[in-house]
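Contents: one structure, followed by commentary.
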Amino acid sequence: MKTLEEIEKLSIEELEQAAAASPAPVPAGLKNGIRQALAAHELANATPRTRPARWVPLAALAVAAAAAAVVVLPQRGPKDTFDDPRLAYAEMEKAFQLISDKMSVGADLAREARTVSENTLNILDNIQSK
């Protein structure tokens with residue numbers, strides 16, 4: 001067995017003669033693996049064929065149908081569910097009170113979370129400053 005320095009000093013012809021004198025065994029399935037790798041490389045680098053866009057007329061038809069539906073169909077606004085304005089006002093006040101109650105609960109939770117996070121930040125600052 002030759003050392004790396006001895007191999008580097010050999011000429012190309014001497015290397016070819018040495019390789020021909022002692023052929024290396026070829027692993028089973030190497031030829032098939034090379035073919036698969038080349039085919040995969042060709043597929044990865046192949047440019048896709050462009051097909052005519054068949055969906056363009058269908059999309060245009062769908063847009064036209066949607067526009068026609070918007071124009072033709074009657075516009076329905078919100079329906080007035082109360083005949084008595086006082087009753088409507090009372091229901092509106094109940095809705096706003098419910099919103100206010102839920103917001104208060106959320107604000108309390110946010111205040112508690114802020115104090116906890118401030119304590120955590122103070123502890124981390126003290127640790128980093130040491």
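Remember, predicted model here, so these are calculated numbers, not experimental data.
The distance from the CZ atom of R111 to the CG atom of D108 is 5.0 Å, given to the nearest 0.5 Å. Between atom CD of residue Q17 and atom CG of residue L10 there is a gap of 10.0 Å, rounded to the nearest 0.5 Å. Taking CD1 of I127 as the start and CG of N122 as the end, the distance is 11.0 Å to the nearest 0.5 Å. Note that OG1 of T120 is 11.0 Å distant from CG of D125, once rounded to the nearest 0.5 Å. Atoms OG1 and CD, from T3 and E8 in turn, are 8.5 Å apart once rounded to the nearest 0.5 Å.
Residue-environment remark: OH (Y89) stays at or below the threshold of 12 foreign heavy atoms within 6.0 Å. Counting heavy atoms of neighbouring residues, nucleotides and ligands inside a 6.0 Å radius, atom CG of N119 exceeds 12 of them. With a 6.0 Å radius and a threshold of 12 heavy atoms from other residues, nucleotides or ligands, L109 has its CG atom above the threshold.
Ion pairing between a basic and an acidic side chain is recognised when a charged N comes within 4.0 Å of a carboxylate O; K94 and E91 show such pairing. Here E5 does not pair with K9 in a salt bridge; the nearest charged N to carboxylate O distance is not below 4.0 Å.
Listed by chain and number, the residues in a salt bridge (charged side-chain N to carboxylate O under 4.0 Å, His left out) with D84 amount to none (sequence neighbours excluded). In this view, R35 satisfies the salt bridge (charged side-chain N to carboxylate O under 4.0 Å, His left out) rule with no residue, not counting sequence neighbours.
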Side chains of residues 98-105: which donor-acceptor partners sit under 3.5 Å, not counting sequence neighbours?
from: D101; atom 1: OD1; to: Q97; atom 2: NE2; distance (Å): 3.0
from: S104; atom 1: OG; to: S100; atom 2: O; distance (Å): 3.0

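If you chain together hydrophobic residues whose side chains sit under 4.5 Å apart, L38 and L30 fall into the same group.
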